[in-house]
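Letters go in sequence order (proteins before strands), and every chain restarts at 1.
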Amino acid sequence: MTPEMWQRLKPLFDAAIEKPAAERERFVDEV
Amino acid sequence: MRFERVNHTLQPTALVNEAYTKLIQEPHVHWKSRAHFFATASRLMRHILVDHARARRAGKRGGVQHQVTLVEDILPAPGQSPIDVLALHETLERLTVLDPRQGRIVELHFFGSLSFEEIAAVLQVSERTVKRDWRMARAWLKLELSKEP
């Protein structure tokens, strides 16, 4: 993990965590 | 502090007292702002805890000697083992390399007991940003600290 990768992950994490738990896995698979 | 101490003698009150004593013994420090003071106090709290943990580890070789049970939901749930404050410190160092702001937020919230609103004022960002960063930092810390050493 690098700081650059971390910054790219942040919006994806935020988007994933906002979704209902049941939808998160599919969301992550689709990213 | 956002934790309760269970395995050693440094109680939160004593920790605050030690930190306060150290702060007032630094007459040359000119507090530039409230943020500067809180950031320094939080760092000091962390260092005192880590120093105590290291001293205990040196005094009693082997095993986990310095553990805390976190009130904050950052880590173990009720009934789970408390964590090693040194492990938290070292993991937080790694987080700070990845994301300095997240590292500061954890330090201010966890070791300095600042609220999200206060942290937002200290870091001059929105409270929403602080909460978002905290959420991600907490998830990562929880994952890293759950790994076997």
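- Annotation: the span from A:Gln7 atom CD to B:Asp99 atom CG amounts to 5.0 Å, rounded to 0.5 Å.
- Counting heavy atoms from C-beta outward, B:Leu95 and A:Trp6 have side chains that approach closer than 4.5 Å.
- When the shell of 6.0 Å around CD of B:Glu93 is examined, it contains more than 12 heavy atoms from other residues, nucleotides or ligands.
- Heavy atoms of other residues, nucleotides or ligands lying less than 6.0 angstrom from CD of B:Glu127 number more than 12.
- Once rounded to the nearest 0.5 Å, the distance linking CG of B:Asp133 with CG of A:Asp14 reads 8.0 Å.
- B:Arg101 CZ: more than 12 foreign heavy atoms inside a 6.0 Å radius.
- Atom NZ of A:Lys10 is separated from atom CZ of B:Arg135 by 12.0 Å, given to the nearest 0.5 angstrom.
- Other residues, nucleotides and ligands contribute only 12 or fewer heavy atoms inside 6.0 Å of the CD atom of A:Glu25.
- Of all heavy-atom pairs spanning B:Met136 and A:Phe13, the tightest one is CA-CE2, 3.4 Å.
- Placement of B:Leu141 and A:Met1 within a single hydrophobic cluster is found when ILVMFWY residues are connected by side-chain heavy-atom separations under 4.5 Å, directly or transitively.
- Looking at A:Ile17, only its side chain comes within 4.5 Å of chain B, counting heavy atoms on both sides.
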